[in-house]
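Shown next, in structure tokens, is the structure this report addresses.
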Amino acid sequence: TESANKHAPQFCRRSNPMDNFYSEDFAYCHHVGFSNPRLPDAVIGALQENSIADGLIIDLGCNGGHLIAGLAQSGYATIGIDLSAAALALTENLAPTATLYHSDVAEFALPRCAAIAALGEVLCYTSEAGTDTLADDDFLQSSFTTLSPGGVLLFDIVIRDNANPFHYRRRHTGKDWRIDQTVSEDLRTRRLRRDIVLDQHIDGSRRRSRETHWLKLHCESGLIARLRQVGFETAVSNRIGDVAMLPRRTAFICRKPTC
């Protein structure tokens, strides 16, 4: 049902196997504990390097809204899409002028725009039995068609590395929360599994939540070839501006030619 406030999250989605993805507690902890405050300026710098100083920017997987708020403050029109209703509520508070949609990225009909950002491994996420957004070329083709000439698609992925698979446990702590994460990689299915346990202290008591996140791993060179086949001028990097990518992450800067 469409909200009466045009800036509040709009609903344009069907039932999804990832409906519990980033529930309220997880969205909060990701928002306060894992967002890089330097990323908005880095993304804006990348846009300006490609002569995009204004226009509509679409943030796929906008999470708590740090990037979209920075874009709005710099004068860009903004649309944010996220599968997590809790994350969209945080975005609405941080970026009240943004138009927000509660939707699976793969199901969202992209409007004409100057740039599309999908950062934080957004395009790699999948359900246990499903496929990710990059499983075929539909998203790449629709992005290319949607972008204005000279427009940019900016995203990052987790790349495959059979010689160094991910298998580790890690703990992150904040003022009122603790996350224990177990990460394992299946070389046969090319999937990454994150089992996450969140303990949050609320009003003197502890609340525990659990989520399992699945990501599809991709071959960098194969994806470059697909992007160029669609028509993008494609460059890859281990950083966006002064923000370095995490291990085995690659940033893709894909530009639609002007002619």
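Below, each value reflects all heavy atoms present in this structure, side chains not excepted, and no hydrogens, waters or symmetry copies.
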Side-chain (K256) to main-chain (F144) donor-acceptor, under 3.5 angstrom: yes
Greater than 12 external heavy atoms within 6.0 Å of D54's CG: no
Heavy-atom neighbours of Q141 CD exceed 12 at 6.0 Å: yes
CZ-CG distance between F166 and L215, expressed to the nearest 0.5 angstrom: 10.5 Å
4.5 Å side-chain heavy-atom contact, L71 and I44: yes
Taking every non-hydrogen atom, the tightest pair across F155 and C254: CE2-SG, 3.8 Å
Student check: side-chain heavy atoms of V197 and R178 closer than 4.5 Å: no
More than 12 heavy atoms of other groups within 6.0 Å of R190 CZ: no
CA sep, side-chain torsions, deciding dist, call: E121, R249, salt bridge (Lys or Arg N to Asp or Glu O under 4.0 Å): CA-CA 8 Å; E121 308 157 4; R249 275 70 163 186; 2.8 Å; yes
Backbone N/O of T234 and side chain of R228: donor-acceptor pair under 3.5 Å: yes
From CA spacing to verdict: side-chain hydrogen bond (donor to acceptor under 3.5 Å, both in side chains), D132, H218: CA-CA 10 Å; D132 66 314; H218 288 275; 2.6 Å; yes
Ring-face cation of R170 near Y168 (centre distance under 6.0 Å, axis angle within 45°): yes
Common cluster, L123/I240, ILVMFWY with side-chain heavy-atom separation under 4.5 Å: no
Same cluster (ILVMFWY, side-chain, under 4.5 Å), F232 and F139: yes
Distance in Å, T173 OG1 paired with D180 CG, rounded so as to fall on 0.5 Å steps: 10.0 Å
From OG (S142) to CD1 (I116), nearest 0.5 Å: 7.0 Å
Neighbour count >12 (heavy atoms, 6.0 Å) for atom CZ, R169: no
Check: R38 side chain, D242 main-chain N or O, donor-acceptor pair, under 3.5 Å: yes
Test item: V236 and I224 side chains (from C-beta on) under 4.5 Å apart, heavy atoms: yes
Side-chain heavy atoms of L39 within contact of L119, under 4.5 Å: yes
Side chain proximity check, L192 to D186, heavy atoms < 4.5 angstrom: no
CG on L134 to CG on L140, rounded to 0.5 Å: 6.0 Å
Test item: side-chain donor near acceptor, E211 and S23, under 3.5 Å: yes
Derivation and outcome, side-chain contact (heavy atoms from CB on, under 4.5 Å), residues L198 and F26: CA-CA 7 Å; L198 166 62; F26 275 83; 3.8 Å; yes
Beyond-backbone contact of L153 with R255, side-chain heavy atoms, under 4.5 angstrom: no
Heavy-atom neighbours of E24 CD exceed 12 at 6.0 Å: no
Derivation of the salt bridge (Lys or Arg N to Asp or Glu O under 4.0 Å) call for R207 and D199: CA-CA 6 Å; R207 183 162 70 196; D199 290 308; over 6 Å; no
Residue pair H31, N63: steps toward the side-chain hydrogen bond (donor to acceptor under 3.5 Å, both in side chains) verdict: CA-CA 7 Å; H31 181 66; N63 200 269; 5.0 Å; no
From I196 atom CD1 to T182 atom OG1, the distance as rounded to the nearest 0.5 Å: 9.5 Å
Atom pair OH/CD1 of Y76 and I52 - distance to nearest 0.5 Å: 7.0 Å
Same apolar cluster: F252 and V152, side chain cutoff 4.5 Å: no
Closest contact, heavy atoms only, I81 versus S103: CG2-O, 3.5 Å
Closest non-hydrogen atom pair, A163 against P165: C-CD, 3.5 Å
Side chain proximity check, L83 to Y22, heavy atoms < 4.5 angstrom: no
Test side-chain contact (heavy atoms from CB on, under 4.5 Å) applied to F21 and T212, step by step: CA-CA 8 Å; F21 185 69; T212 297; over 6 Å; no
Evaluation steps, side-chain contact (heavy atoms from CB on, under 4.5 Å), between H66 and L94: CA-CA 7 Å; H66 290 283; L94 201 59; 3.7 Å; yes
Which atom of S127 lies closest to which atom of R191, heavy atoms considered: O-NH1, 3.2 Å
Option among L147, T78, L110 that satisfies the side-chain contact (heavy atoms from CB on, under 4.5 Å) test with I58: L110
Co-membership, hydrophobic cluster, residues V105 and L56, 4.5 Å side-chain: yes
side-chain contact (heavy atoms from CB on, under 4.5 Å) assessment of M245 paired with T250: CA-CA 7 Å; M245 296 289 100; T250 296; over 6 Å; no
Side-chain donor/acceptor of D104 to backbone N/O of A106, under 3.5 Å: yes
Any donor-acceptor pair under 3.5 Å from S84 side chain to A87 backbone: yes
Heavy-atom pair with the smallest gap, counting every atom of G61 and D82: C-OD2, 3.3 Å
Path from L100 to L90 over hydrophobic side-chain contacts below 4.5 Å: no
Test log, rule salt bridge (Lys or Arg N to Asp or Glu O under 4.0 Å), inputs E185 and R160: CA-CA 10 Å; E185 181 174 341; R160 297 205 306 259; over 6 Å; no
Considering all heavy atoms, the nearest V158-C124 contact: N-SG, 3.6 Å
Beyond-backbone contact of K216 with Y125, side-chain heavy atoms, under 4.5 angstrom: no
